[in-house]
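A quick write-up on the structure given underneath.
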Amino acid sequence: MHILTVAKREIKLGFRNSWTYAFLILLNIFTIAILLLQSGVGTVEGYNDMTGTVINMTLYLLPLITLLLGGFSVTSEKEDGQWGLLSTYPISVYTFLWGKWLGLAVILVAMLFFSFGLAGTITLVFGQRLSMSTLTFFLLFSIVLALVYLSIALLIGSIVKNRWQSLVLGITVWFLTIMIWPLLMISTLSHLPSYKLVQPILQALTLLNPAEFVRVFSIMKMGAGSAFGPDYYQWITWATSNNGLLIFSAIILSWILLSVFIGGFIWSRGEYNGTV
């Protein structure tokens, strides 16, 4: 019940926050632009060059918005003294973080539904052909990506002490996992002493980056797994199997649970040692 109370409070605060609407406007502009770009090539089912471009463009913006929104939400509670007041009630750090996660998840999902709904409507008004399956795929892809990065944002908010630190660390995580991750992977694989280590290390690095993992799985589910080469052959097998979605969901859930758990543990230890 305490989790739901925190979530309701977060939803009220979130929809009153000017940052939320600033991110919503940016997301709307971005979503409308990429969907008009996609629809301009006609109604295409499955994976194609344009779909891959849209996926990559979504990866650039959505994780950054989520990291900043989630990180600021937690650190503002610390800076404004709200957590000091809330901690006097029978509420644990984990209850607070899960309530935050649930409330922010509702806000992010509502933003995505609004953005894709508006973009879909505009494409219809302009007579562009956009398949419903493609629109649904982009929506689900964005929701999963946002939920995973939301848990990372709460981890960041639990570690840092103020908004400035949250901004710096959030951008750093975004830069590492989105912007230079391919370069880091290539550099790591090129220094391996044996070619036999390439496949397991490549798969392990993919699992360590939620954005890359979601991207790889999504493309495989669209039937374009061969684009990743023979090193991902085992992944193609399980991703396209009947249990593929179940395995994917379990890994995503593990990412979310682990991030929030680590964040709550560090925050609790910091309070115990008097550093927070």
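Hydrogens, waters and symmetry mates play no part in the numbers below; they use all other heavy atoms, side chains included. What you see is a predicted model, and the numbers here were worked out from it, not measured in a lab.
When the options I252, L59, I219, I251 are evaluated for a side chain to side chain contact (heavy atoms under 4.5 Å, CB included) with V214, the one that passes is I252.
Here the closest heavy-atom approach between residue G263 and residue L97 is recorded as C-CD1, 3.9 Å. For L62 against S142, the heavy-atom pair with the smallest separation is CD2-O, 3.2 Å. Across all their heavy atoms, L154 and G70 have their closest contact at CD2-O, 4.1 Å.
Looking only at distances, a side-chain donor or acceptor of W255 sits under 3.5 Å from a matching main-chain atom of L207. A donor-acceptor pair is defined here as one N or O able to donate and one able to accept, closer than 3.5 Å; such a pair exists between the side chain of W174 and the backbone of Y60. Side-chain atoms of K78 come within 3.5 Å of backbone N or O of S158 as a donor-acceptor pair. Checking side-chain atoms of S76 against main-chain N and O of F72 turns up a donor-acceptor pair under 3.5 Å. Under the 3.5 Å distance criterion, the side-chain polar atoms of T20 are matched with a main-chain donor or acceptor of G14.
Inter-residue side-chain proximity for L69 and L108 is flagged as met; some heavy-atom pair is nearer than 4.5 Å. Residues F23 and L68 are in side-chain contact: their nearest non-hydrogen atoms beyond the backbone lie under 4.5 Å apart. I159 is not listed as a side-chain neighbour of I262, based on a closest heavy-atom distance of 4.5 Å or more. The closest side-chain heavy-atom distance from T5 to K8 is not below 4.5 Å. Side-chain atoms of L104 and I11, non-hydrogen and from C-beta on, never get closer than 4.5 Å to each other. At least one side-chain heavy atom of V74 sits less than 4.5 Å from a side-chain heavy atom of W267. Looking at heavy atoms from C-beta onward, Y94 lies out of side-chain contact with I3 at the 4.5 angstrom threshold.
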Report, one line per pair, each donor and acceptor closer than 3.5 Å where one atom sits in a side chain of residues 146-153; sequence neighbours left out.
unit_1	atom_1	unit_2	atom_2	d
Y149	OH	T177	OG1	2.8
S151	OG	V148	O	2.5

Contacts table for residues 180-188: side-chain donor-acceptor under 3.5 angstrom, sequence neighbours left out:
unit_1	atom_1	unit_2	atom_2	d
T188	OG1	L184	O	2.8

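Between F141 and F137, the ring planes are parallel. Angles under 30° get that label, and only those over 60° would be called perpendicular.
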Working note: W101 + F96, criterion side chain to side chain contact (heavy atoms under 4.5 Å, CB included); need CA distance, chi angles, decisive distance, verdict. CA-CA 9 Å; W101 186 90; F96 179 73; over 6 Å; no
Can you list the steps and then say if V144 with F248 is a side chain to side chain contact (heavy atoms under 4.5 Å, CB included)? CA-CA 11 Å; V144 173; F248 172 77; 3.9 Å; yes
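Screening residues 84-100 for salt bridge (charged side-chain N to carboxylate O under 4.0 Å, His left out) gives E10-K100, E77-K100 as the qualifying pairs, with residues at least two apart or on separate chains.
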